[in-house]
Amino acid sequence: MATPDFIRTLRADAGHQLLWLPGVTAIVFDDQGRVLLGRRADNGKWSVVGGIPDPGEQPAECAVREVYEETAVRCVAERVVLVEALEQVTYDNGDICQFMDITIRCRAVGGEPRVNDDESLEVGWFPLDGLPDLHETGLFRIKQAMADAPTWFARG
């Protein structure tokens with residue numbers, strides 16, 4: 001995930017200390033029930049699509065923007081699937097972040113998946129019974145997006 005300019009500005013003053021940041025994950029399904037995934041350029045692993053909202057940007061707008069920027073697929077946001085504070089992450093450069101993730105189920109409405117920026121090596125549609133190796137958080141988000149259930153919240 002590319003670092004937005006506003007975070008670079010914060011880092012100029014904050015250094016490597018913990019930043020508490022918003023994050024948005026988009027679980028996108030097509031009309032065949034396949035899910036859209038990207039293979040990340042930073043670690044080579046398959047992942048669901050996500051990113052950081054710009055200041056003032058609504059989470060649903062962020063989901064739609066990130067999906068298009070990374071995959072060239074047009075989508076519409078349908079519902080909030082999950083809200084969760086994630087574990088702290090320390091990046092190779094020493095920056096520490098913790099994200100409050102809002103996962104949104106989306107429906108594809110146009111475009112053919114292709115690598116559309118420098119954040120992905122590959123993108124594509126995958127049937128639910130043929131997913132590549134995904135981190136457990138991505139699998140959980142896909143499962144929650146498929147469920148006809150209320151928004152999932154972690155219980156402390």
Side-chain angles (χ1 to χ4, degrees), residues 1-8 21-92 95 97-155:
M1 152 184 342
T3 304
D5 290 338
F6 80 94
I7 293 176
R8 291 180 205 276
L21 298 169
V24 173
T25 299
I27 305 298
V28 185
F29 293 102
D30 69 2
D31 59 2
Q32 297 174 39
R34 299 176 300 176
V35 66
L36 183 64
L37 302 174
R39 194 163 67 86
R40 296 172 57 107
D42 61 353
N43 63 19
K45 296 181 180 178
W46 286 97
S47 178
V48 293
V49 177
I52 299 171
D54 293 328
E57 184 178 35
Q58 296 296 327
E61 291 171 349
C62 176
V64 169
R65 175 182 56 78
E66 287 288 342
V67 168
Y68 182 75
E69 284 179 1
E70 294 181 23
T71 72
V73 170
R74 299 270 182 206
C75 69
V76 294
E78 293 184 323
R79 67 181 176 88
V80 174
V81 168
L82 176 148
V83 177
E84 181 180 27
L86 304 179
E87 297 292 323
Q88 275 187 197
V89 171
T90 301
Y91 292 97
D92 290 342
D95 288 352
C97 294
Q98 187 168 12
F99 292 92
M100 173 62 72
D101 179 72
I102 300 170
T103 298
I104 298 174
R105 178 187 168 115
C106 299
R107 180 175 38 87
V109 294
E112 291 297 321
R114 64 177 167 83
V115 174
N116 206 32
D117 65 11
D118 60 359
E119 295 182 41
S120 300
L121 300 172
E122 298 177 70
V123 298
W125 294 110
F126 290 86
L128 297 173
D129 62 356
L131 297 175
D133 186 34
L134 287 176
H135 190 274
E136 64 187 54
T137 58
L139 291 171
F140 184 69
R141 281 160 174 65
I142 292 169
K143 177 183 170 191
Q144 291 305 117
M146 292 172 17
D148 185 20
T151 302
W152 182 91
F153 298 95
R155 308 285 188 240

So, taking the atom named [atom1] in [X] and the one named [atom2] in [Y], what distance separates them when rounded to the nearest 0.5 Å?
X	Y	atom1	atom2	result
Arg39	Asp133	CZ	CG	12.0 Å
Leu82	Ile102	CG	CD1	10.0 Å
Cys75	Glu66	SG	CD	10.5 Å
Leu134	Phe140	CG	CZ	14.5 Å

Please say which of Phe153, Trp152, Phe99 ends up in a side-chain contact (heavy atoms from CB on, under 4.5 Å) with Glu84. Trp152

Is it the case that atom CG in Asn43 sees more than 12 heavy atoms from other parts of the structure closer than 6.0 Å?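 It does: Asn43 CG has more than 12 such atoms within range.
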
Is it the case that more than 12 heavy atoms not belonging to Arg79 sit under 6.0 Å from its CZ atom? yes

Which pairs, with at least one residue in residues 45-88 and sequence neighbours excluded, count as a ring pair (Phe, Tyr, Trp, His ring centres under 6.0 Å)?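 Output for this query lists Trp46-Phe126.
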
Mark yes or no for whether Glu112, through its side chain, and Val73, through its backbone, hold a donor-acceptor pair below 3.5 Å. no

Restricting to non-hydrogen atoms, name the atom on [X] and the atom on [Y] that form the minimum distance, rounded to 0.1 Å.
X	Y	answer
Ala60	Ala77	CB-CB, 3.8 Å
Glu119	Asp117	N-OD1, 2.9 Å
Cys62	Ile52	SG-C, 3.9 Å
Leu128	Ile142	CD2-CG2, 3.8 Å

Can you find a heavy atom in the side chain of [X] that is under 4.5 Å from one in the side chain of [Y]?
X	Y	result
Thr71	Ser120	no
Leu37	Leu131	yes
Glu78	Ile104	no
Thr103	Arg141	yes
Met100	Val83	yes

Using the side chain to side chain donor-acceptor pair (under 3.5 Å) criterion, which residues pair with Glu57? Sequence neighbours excluded.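 So Glu57 forms a side chain to side chain donor-acceptor pair (under 3.5 Å) with Arg65.
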
My understanding is that only residues two or more places apart in sequence, or in another chain, count here; which of them pass side chain to side chain donor-acceptor pair (under 3.5 Å) with Gln58?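 Scan of Gln58 (side chain to side chain donor-acceptor pair (under 3.5 Å), adjacent residues dropped) gives none.
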
Arg40/Glu122 salt bridge by N-O under 4.0 Å criterion: no

Hey, mind stepping through Asn116 and Glu70 against side chain to side chain contact (heavy atoms under 4.5 Å, CB included) and telling me if it holds? CA-CA 5 Å; Asn116 206 32; Glu70 294 181 23; 5.9 Å; no

Which residues pass the ring pair (Phe, Tyr, Trp, His ring centres under 6.0 Å) test with Phe6, not counting sequence neighbours? none

Extract all donor-acceptor atom pairs below 3.5 Å that involve side chains of residues 21-32 and protein atoms in other chains or at least two apart in sequence.
{"from": "Thr25", "atom 1": "OG1", "to": "Asp101", "atom 2": "OD1", "distance (Å)": "2.7"}
{"from": "Asp30", "atom 1": "OD1", "to": "Gln32", "atom 2": "N", "distance (Å)": "3.0"}
{"from": "Asp30", "atom 1": "OD1", "to": "Gly33", "atom 2": "N", "distance (Å)": "3.1"}
{"from": "Asp30", "atom 1": "OD1", "to": "Arg34", "atom 2": "N", "distance (Å)": "2.8"}
{"from": "Asp30", "atom 1": "OD2", "to": "Arg34", "atom 2": "NE", "distance (Å)": "2.6"}
{"from": "Asp30", "atom 1": "OD2", "to": "Arg34", "atom 2": "NH2", "distance (Å)": "2.6"}

Ala41: which residues meet the side chain to side chain contact (heavy atoms under 4.5 Å, CB included) condition with it, sequence neighbours left out?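 Scan of Ala41 (side chain to side chain contact (heavy atoms under 4.5 Å, CB included), adjacent residues dropped) gives Leu121.
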
